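Bear in mind that the values here come from a model prediction, so they are computed numbers and not experimental data. Residues take their numbers from the sequence shown, with the count starting at 1.
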Amino acid sequence: MTHTDAATTDAAGQPPDDRSLRRLPARVAALIALSALGALLIAAILETQAGATAYIVGEGHWSKAQQRAVHSLYRYAGHGDPADLADARAALRVPLGDRAGRQALERQPVDLAMARAGFLQGGNAPQDIERLVWMYRLLHDAPYFRESVRLWREAEAEIDQLVVLADTLEAHRARRVPDEASVLAYKRQLTAIDARLRPKELAFSRSLAEGAHFLRRMLLALSAAAFVLLCAYALHVMRSTLRRVRDTESEFRLAFHQSMVGMLKLDRHGRFTQANEALARILGMSLPELRTQRLADVLHADDLPVDERGAIDWVRLQEPGERRLLRRDGTVRWVRWSASLVGARGGRGEQLFALAEDVSEAHELACEIAHQASHDELTGLINRREIARRLDGALETARGGGQRHALCFVDLDQFKLVNDTCGHEAGDRYLCHFAARLAAQLRRGDWLGRLGGDEFAVLLHDTTLDEAETAMVRVHAALAEQAFRWNGRGFGLNCCVGVVEINDQAIDADGLLRAADAACYVAKDEGRNRIRCYRDADPGLARRRQDLEWVAHTQLAIAEDRLVLYAQRIVPLEGPPHLQYEVLVRLRDREGDCMRRACSCRPWNVTARAWRSTVSS
């Protein structure tokens with residue numbers, strides 16, 4: 001190892017830039033922690049000041065209430081007006097509420113609900129209650145505040161004397177009217193209590209203010225120290241980061257030009273300020289030629305977002321996704337686009353930096369897979385899944401927009417004949433021929449899909465049931481004039497069609513397909529090569545629905561073993577007797593009772609030989 005190589009690696013073989021890069025998150029985290037500490041200190045200063053102010057304001061309420069109580073009791077002692085006594089007791093609720101709040105905080109465990117209720121009773125503002133609670137819990141033993149709490153307790157002793165004196169005056173007045181000497185004695189007691197409380201109130205306020213000033217000075221000193229530390233550390237991080245940026249700038253330029261992904265920079269006018277060789281290869285241009293282009297020259301017009309003024313919409317242009325680039329020969333290349341705005345040097349404003357990865361082959365493959373997933377491989381028509389999806393869209397327009405459409409269920413009449421007589425290849429050709437001729441009869445907005453086998457679905461947009469029936473009669477006539485020929489044989493394009501209207505009463509796509517299928521079945525049952533519309537009042541469709549319901553009911557009964565055989569002997573009225581039975585199948589409901597329903601099912605007659613073989617088996 002040379003001297004230079006040794007200087008560029010540490011003891012563990014890691015370059016210094018890698019070590020600096022690994023330490024960067026820790027440095028940023030330290031900056032955030034210091035900033036958070038400074039913010040917390042400032043918040044603590046503000047909250048402490050607000051808490052001290054709340055206590056001083058609360059002391060004002062306390063003092064005013066105490067003086068009001070003394071004055072009201074003084075008047076009550078002289079005149080005995082019950083309103084004065086009530087006013088005194090109302091005033092005494094303020095200091096008594098504050099005491100209840102403080103005592104709730106001194107309990108073990110602390111009763112926060114009682115503390116809040118007490119401070120509210122003390123006339124404190126609701127927004128100051130939480131400050132009063134947390135400041136007392138944290139600082140009740142702190143310097144200055146401890147002295148304030150001691151003065152608070154001493155003043156409460158005088159408040160208790162006022163409460164006792166109010167009760168004594170009320171009791172004395174209840175027994176008899178006091179004489180002048182008693183009244184004078186009560187008034188002297190009130191004056192003495194008031195004189196003792198005044199200095200304690202002043203000392204309480206002064207102690208709170210001094211404690212708040214002390215705590216603020218201490219927090220300010222901590223904030224200043226944190227600020228100095230934050231500035232020093234920020235300068236250190238800034239210098240190391242700038243050094244790292246300068247070291248990596250050349251590496252970025254090298255990676256920019258050698259990258260296999262197209263990269264470009266645009267100014268606010270859509271002009272190329274930088275581009276790499278990969279982008280030039282994607283566009284089939286030389287790099288000098290590319291740098292003379294604008295974004296509008298190489299980006300497909302449908303993929304270039306513009307605002308109402310016709311200028312490039314830079315916000316939408318930053319949205320990631322696939323976009324089309326136009327090559328010089330006019331062909332299109334699909335790219336995976338991601339972009340962001342970056343600041344430019346020299347005060348030239350922001351520029352757009354974009355990555356364009358060529359995904360044309362992947363896009364073609366994805367389109368092919370998506371087409372195969374939604375289209376029939378044989379005919380190229382949409383398949384059953386895509387039919388259901390498009391029917392859901394038609395249902396939404398029918399429900400929300402009040403439009404009407406028509407779904408046609410088409411079933412070929414001669415497909416099995418073609419398959420059986422000419423083979424499956426002829427059957428496939430017959431299906432493709434029929435699909436092409438049917439599609440040629442539809443309007444531009446209509447669509448045709450293959451449900452499977454020889455069944456197709458046609459959707460006629462903005463068409464009522466009567467209009468759809470007229471249209472399918474026309475299609476029927478057009479198909480009847482054509483034929484499919486294979487090895488000298490001809491087959492007609494006959495089919496049965498069931499039509500159902502898509503309106504706001506339709507439930508779902510499956511229900512529409514079932515209804516159209518039922519109408520088509522009735523058309524086949526009536527003689528084939530017919531058209532039948534689905535209407536609720538149609539008796540043929542009603543019988544079809546009833547038969548399907550009984551088929552499902554019978555299948556369920558078979559699965560649940562609810563079919564029972566009964567046999568009754570048939571005795572001829574004349575001639576020699578024969579051993580012959582009539583076997584009946586009865587269906588029981590889930591309660592075990594035989595169901596009675598008139599149906600077209602014929603009884604099964606079993607000969608004696610069949611009956612004996614059945615019994616013996």
Side-chain angles (χ1 to χ4, degrees), residues 322 324 331-332 334 360-395 397 405-463 468 471-472 474-487 489-500 502 509-510 512-513 516-517 520 529 531:
E322 292 187 354
R324 288 164 288 180
T331 58
V332 173
W334 282 91
S360 298
E361 295 181 0
H363 187 271
E364 292 175 2
L365 180 61
C367 291
E368 183 179 352
I369 292 174
H371 184 272
Q372 292 176 356
S374 60
H375 287 73
D376 177 55
E377 184 178 0
L378 175 64
T379 61
L381 302 175
I382 59 175
N383 58 19
R384 191 180 193 94
R385 180 185 300 174
E386 182 66 12
I387 289 172
R389 190 189 67 81
R390 294 192 183 187
L391 283 178
D392 289 336
L395 280 169
T397 61
H405 315 291
L407 173 65
C408 305
F409 191 101
V410 181
D411 192 344
L412 292 172
D413 288 341
Q414 297 190 19
F415 177 65
K416 189 175 187 305
L417 177 63
V418 175
N419 252 351
D420 293 343
T421 58
C422 300
H424 291 289
E425 182 182 357
D428 292 345
R429 295 287 183 88
Y430 179 74
L431 288 175
C432 294
H433 182 78
F434 177 82
R437 296 298 177 268
L438 179 56
Q441 303 299 322
L442 302 181
R443 300 171 300 179
R444 181 180 298 273
D446 302 334
W447 52 257
L448 168 66
R450 184 185 178 194
L451 291 166
D454 59 347
E455 297 174 343
F456 297 84
V458 176
L459 184 78
L460 304 178
H461 278 277
D462 296 326
T463 305
M472 293 313 296
R474 176 184 57 78
V475 172
H476 234 231
L479 292 175
E481 297 175 356
Q482 305 180 46
F484 171 74
R485 301 194 176 277
W486 182 265
N487 293 336
R489 299 188 60 180
F491 300 92
L493 303 182
N494 299 328
C495 62
C496 286
V497 182
V499 186
V500 63
I502 304 175
D510 289 338
L512 289 172
L513 287 171
D517 184 21
C520 184
N529 199 30
I531 300 171

Trainee: Evaluate Thr397 against His461 for side-chain hydrogen bond (donor to acceptor under 3.5 Å, both in side chains), listing each step before the verdict.
Mentor: CA-CA 10 Å; Thr397 61; His461 278 277; over 6 Å; no
Trainee: Backbone N or O of Ala388 within a donor-acceptor pair of the Arg385 side chain at under 3.5 Å?
Mentor: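 It does not hold such a pair.
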Trainee: Between atom CH2 of Trp334 and atom CZ of Arg324, what is the distance when rounded to the nearest 0.5 Å?
Mentor: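 Between atom CH2 of Trp334 and atom CZ of Arg324 there are 4.5 Å.
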Trainee: Is the side chain of Asn383 donor-acceptor paired with the backbone N or O of Ala373 at a distance under 3.5 Å, no angle test?
Mentor: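 Yes: the side chain of Asn383 pairs with the backbone of Ala373.
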Trainee: Compare all side-chain heavy atoms of Arg489 with those of Val418 and state whether any distance is below 4.5 angstrom.
Mentor: no
Trainee: How long is the gap from CG on Leu438 to SG on Cys408, to the nearest 0.5 Å?
Mentor: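 Between Leu438 CG and Cys408 SG, I get 9.0 Å after rounding to 0.5 Å.
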Trainee: With side chain to side chain contact (heavy atoms under 4.5 Å, CB included) as the test, would you mind laying out the steps for Leu448 and Val410 before giving the verdict?
Mentor: CA-CA 10 Å; Leu448 168 66; Val410 181; 5.9 Å; no
Trainee: Is the count of non-hydrogen atoms from other residues, nucleotides or ligands lying under 6.0 Å from Arg443 atom CZ greater than 12?
Mentor: yes
Trainee: Nearest 0.5 angstrom please: His405 NE2 to Leu460 CG, how far?
Mentor: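 Going from NE2 on His405 over to CG on Leu460, the span is 10.5 Å.
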Trainee: Going through the distances and angles, do Gln441 and Arg474 end up as a side chain to side chain contact (heavy atoms under 4.5 Å, CB included)?
Mentor: CA-CA 9 Å; Gln441 303 299 322; Arg474 176 184 57 78; 3.8 Å; yes
Trainee: Return the minimal non-hydrogen interatomic distance between Leu381 and Arg450, and the atom names on each side.
Mentor: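 Smallest heavy-atom distance, with atoms named: CB-N, 4.0 Å.
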Trainee: Side-chain polar contacts of residues 426-436 - donor-acceptor pairs under 3.5 angstrom, sequence neighbours left out - could you list them?
Mentor:
unit_1: Tyr430; atom_1: OH; unit_2: Gly492; atom_2: O; d: 2.8
unit_1: His433; atom_1: NE2; unit_2: Ala483; atom_2: O; d: 3.3

Trainee: Run Leu412 and Glu455 through side chain to side chain contact (heavy atoms under 4.5 Å, CB included) and show every step you take.
Mentor: CA-CA 7 Å; Leu412 292 172; Glu455 297 174 343; over 6 Å; no
Trainee: For His375, which residues count as a side-chain contact (heavy atoms from CB on, under 4.5 Å) partner, sequence neighbours excluded?
Mentor: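 His375 satisfies side-chain contact (heavy atoms from CB on, under 4.5 Å) with His371, Ile382 once adjacent residues are dropped.
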Trainee: Are the side chains of Ile387 and Trp447 in touch, meaning some heavy atoms are under 4.5 Å apart?
Mentor: yes
Trainee: To the nearest 0.5 Å, what is the distance between CG (Leu459) and CZ (Arg390)?
Mentor: 9.5 Å
Trainee: Flag the pair Gln414 / Phe484 as yes when at least one side-chain heavy-atom distance between them is below 4.5 Å, and no otherwise.
Mentor: no
Trainee: In Å, rounded to the nearest 0.5 Å, how long is the span from SG of Cys496 to CE of Met472?
Mentor: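 The distance works out to 11.0 Å.
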Trainee: Can you tell if the side chain of Asp454 reaches within under 4.5 Å of the side chain of Lys416, non-hydrogen atoms only?
Mentor: no
Trainee: Looking only at non-hydrogen atoms, find the nearest pair between Ala509 and Leu391 and report the distance.
Mentor: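 Answer, listing the atom of Ala509 first, then Leu391: CB-CB, 3.8 Å.
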Trainee: Is the shortest side-chain heavy-atom distance between Thr421 and Phe491 below 4.5 Å?
Mentor: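 Heavy-atom side-chain distance check passes, below 4.5 Å.
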Trainee: Hey, does Val497 have a side-chain heavy atom less than 4.5 Å from the side chain of Phe409?
Mentor: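 Answer no - side chains too far apart.
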Trainee: State, to 0.1 Å, how close Leu407 and Ala457 come at their nearest heavy-atom pair, and which atoms those are.
Mentor: CD1-CB, 4.2 Å
Trainee: Taking atom CG of Leu493 and atom CG of Asp413, what is their separation to the nearest 0.5 Å?
Mentor: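 One gets 10.5 Å once the value is rounded to the nearest 0.5 Å.
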Trainee: Is the backbone of Glu386 close enough, under 3.5 Å, to the side chain of Ser374 for a donor and an acceptor to pair up by distance?
Mentor: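 Not at all, since once roles are kept as given, no pair shorter than 3.5 Å links the two residues.
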Trainee: Between Cys495 and Asp411, is a side chain to side chain contact (heavy atoms under 4.5 Å, CB included) present by the stated rule, with each step listed?
Mentor: CA-CA 5 Å; Cys495 62; Asp411 192 344; over 6 Å; no
Trainee: Ile502 versus Leu512: any side-chain heavy-atom pair under 4.5 Å?
Mentor: yes
Trainee: Can you tell whether the side chains of Asp392 and Arg389 come within less than 4.0 Å, N to carboxylate O?
Mentor: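 Salt bridge between Asp392 and Arg389, a charged N being under 4.0 Å from a carboxylate O: no.
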